[in-house]
There are 2 protein chains.
Amino acid sequence: MTANILVVEDEPAIQELIAVNLEHAGHHVIRTRDAEGALQIVNHALPDLLLIDWMLPGTSGVALAKQLRHEERTRQIPIILLTARSSEQDKIQGLEAGADDYVTKPFSPRELLARIKAVLRRRAPEMTDEPVDVGGLRLEPATRRVFGAGKPLQLGPTEFRLLHFLMTHIERVHSRSQLLDQVWGDHVFVEERTVDVHIRRLRKSLEPSGHDRLIETVRGAGYRFARV
Amino acid sequence: MTANILVVEDEPAIQELIAVNLEHAGHHVIRTRDAEGALQIVNHALPDLLLIDWMLPGTSGVALAKQLRHEERTRQIPIILLTARSSEQDKIQGLEAGADDYVTKPFSPRELLARIKAVLRRRAPEMTDEPVDVGGLRLEPATRRVFGAGKPLQLGPTEFRLLHFLMTHIERVHSRSQLLDQVWGDHVFVEERTVDVHIRRLRKSLEPSGHDRLIETVRGAGYRFARV
DNA sequence: CCCACATGTAACATTTCTGTCACACGACCT
DNA sequence: AGGTCGTGTGACAGAAATGTTACATGTGGG
């Protein structure tokens, strides 16, 4: 469960602490130090969750939360407030402002991550677990198994994701770049040739059942999974 | 999705109203009027969900919730709090007490049922008190015992819950995060690596009968209980 | 208060996976 | 044929995931 999280925090040390922890948990972190920056970023691309410090230079975190709740585009983005004070009054104001949760500083990274997880779960629909059958190959996300001609095949994690993507996008040719985005993720920085190597490994893994030829090379374009 | 629901409510009229609605929806309702009664019932048989009124004679609903969260046996039972007040303050205390959700009186039956459904959905199905037999292993929730090849095995509490969950969800791969949610509970803040250690302990406990190999590691994904 | 047990973490060991290279091979063009 | 480009292939070192052990803490019972 990875997400794009916008951290609005003016104190560099705390911002860094948070970012490190969130990224360690696999989240993608975008940072800004005040409400203005937050609004600008949000207008550009909606994050999955906002982590807002209560005290900000200029517009306060609570005010920012309220404002985001008022606009249609941003109304549904979960918000977690960070507050240094533990006053009940603040908590009330925070929840009234529309925050989904709040975390009191000092907080443990674990606690922060747990809250984020809980908040995200409330809005995240489950990803598709449906098995895929193509050309005699069967891939089951739930059990994380692949069968070729009835026999189980052994794939590594990346091979599995790659095959899953290809099998759910039959016939179409995917460039290395597209595959990197879809299988590795938007933000990763790896050589395009890496895709070749994994295609090679995947083919090798599919070889025992003879299904390796289902993955076709389209010279100058990329790779494709054939129907038959 | 039907469940055993313990309703802790001192006002007879409201208790009746709730019970009628829940039963109409197919749930089995157990009733009590105070915290003491609730604890007694819980000690006898664990319900699938607790519906607790905020205001109770004697021990308050919040205190009861906290107490249940504190004990190993009852930690994972979902709790929904009923409150007559709409104060945000209550909301906060309720969430801090470990409630999964809360409903403000007066509430519509539809709303109550919706919340119950939502809370129950987070919990995996099939975790009943029925004995489970898989691959020569037998687990009896009622007696809290496990037999491997006919001989009794000795497991710790967490090992038992973990094995129970795995045995009732054969073949499927569970991420560490999912296992934490299902075996430890939603609200617990522990490291994911803790799962590994308990898997290790569980395997060791199953070793005497050779059933330790039934628990498979799926690299990059999590763990699974094999069929055979 | 002491003891046995259970639990969560840290630390270290081991295995597996990944990304890159360097080079081989084959396709395509002139 | 020769040359160029794109892809296949095998090797390898670093990174990541998991196994394993040890330890500190907490808890409940004698």
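Scope of the values below: all heavy atoms of this structure, side chains included, with no hydrogens, waters or symmetry mates. Quick note on labels: first sequence line is chain A, next is B, and so on, each numbered from 1.
- Side chain A:Arg193 to base D:dG8: a donor-acceptor pair is found below 3.5 Å.
- Across the protein-nucleic acid pair, B:Leu202 atom CG and D:dT20 atom P stand 13 Å apart, rounded to whole Å.
- One atom, CD of B:Glu191, and another, C1' of C:dA11, lie 13 Å apart when rounded to the nearest Å.
- In terms of modelled atom types and a separation under 3.5 Å, the side chain of A:Arg161 and the main chain of A:Trp184 share no donor-acceptor contact.
- Checked against the 6.0 Å centroid criterion, the rings of B:Phe165 and B:His174 qualify as a close aromatic pair.
- The interatomic distance linking B:Leu162 (CG) with C:dA6 (C1') rounds to 14 Å, in whole Å.
- One atom, NE2 of A:His198, and another, P of C:dC21, lie 14 Å apart when rounded to the nearest Å.
- Close to D:dG8, at under 4.0 Å from its OP1 or OP2, lies a side-chain N or O of A:Thr217.
- With respect to B:Asp212 and B:Lys204, no salt bridge is recorded, no charged nitrogen being found less than 4.0 Å from a carboxylate O.
- A:Arg201 and A:Glu159 are not joined by a salt bridge, as no carboxylate oxygen comes within less than 4.0 angstrom of a charged side-chain nitrogen.
- At least one side-chain nitrogen or oxygen of B:Thr158 sits closer than 4.0 Å to the OP1 or OP2 atom of C:dT7.
- Within the structure, every pair that satisfies the side-chain hydrogen bond (donor to acceptor under 3.5 Å, both in side chains) test and touches residues 136-148 of chain B, not counting sequence neighbours, is listed here: B:Asp133-B:Arg138, B:Arg138-B:Glu140, B:Glu140-B:Thr143.
- At the heavy-atom level, A:Thr194 lies under 4.0 Å from base atoms of the strands shown.
- In this structure, NZ of B:Lys204 is placed 8 Å from P of D:dT20, rounded to the nearest angstrom.
- Following rounding to the nearest Å, B:Asp212 (CG) and D:dG19 (P) show an atom-to-atom distance of 12 Å.
- Regarding contacts with the backbone of D:dT20, every side-chain N or O of B:Arg203 stays at 4.0 angstrom or more from both OP1 and OP2.
- Here the rule is side chain to side chain contact (heavy atoms under 4.5 Å, CB included) with B:Glu9, and of B:Asp53, B:Ile52, B:Leu56 only B:Asp53 fits it.
- The CD-C1' distance, from A:Gln154 to C:dC17, rounds to 13 Å in whole Å.
- One can place CD1 of B:Ile215 at 14 Å from C1' of D:dG19, the figure rounded to the nearest angstrom.
- Checked against C:dG8, C:dT18, C:dC21, the side chain of B:Trp184 finds its nearest nucleotide in C:dG8.
- Residue B:Tyr223 is classed as a sugar-phosphate contact, given heavy-atom separations below 4.0 Å to backbone atoms only.
- Electrostatic pairing of A:Arg31 and A:Glu16 counts as a salt bridge here, judged by a charged N lying under 4.0 Å from a carboxylate O.
- Residue order along DNA chain C, read from the 5' end via each residue's closest nucleotide, puts A:Gly156 first among A:Gly156 and A:Glu192.
- Contact of the A:Asp48 side chain with the A:Leu6 side chain is not registered, since no non-hydrogen atoms from C-beta on lie closer than 4.5 Å.
- With a 6.0 Å radius and a threshold of 12 heavy atoms from other residues, nucleotides or ligands, B:Glu171 has its CD atom above the threshold.
- A donor-acceptor pair is defined here as one N or O able to donate and one able to accept, closer than 3.5 Å; such a pair exists between the side chain of B:His27 and the backbone of B:Ala3.
- Comparing C:dC21, D:dT18, C:dC17 against the side chain of A:Pro157 picks out C:dC17 as the nearest.
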Output a table of nitrogen or oxygen pairs between the protein and nucleotides 12-17 of chain D separated by less than 3.5 Å.
residue, atom, partner, partner atom, Å
D:dA17, N3, B:Arg219, NH2, 3.1

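- At its two ends the helix from C:dC1-D:dG30 to C:dT30-D:dA1 runs along axes set 20° apart, each axis drawn from five pairs and the angle rounded to 10°.
- Proximity note for A:Asp196 (side chain, C-beta onward) versus C:dG19, D:dT7, C:dA10: the nearest is D:dT7.
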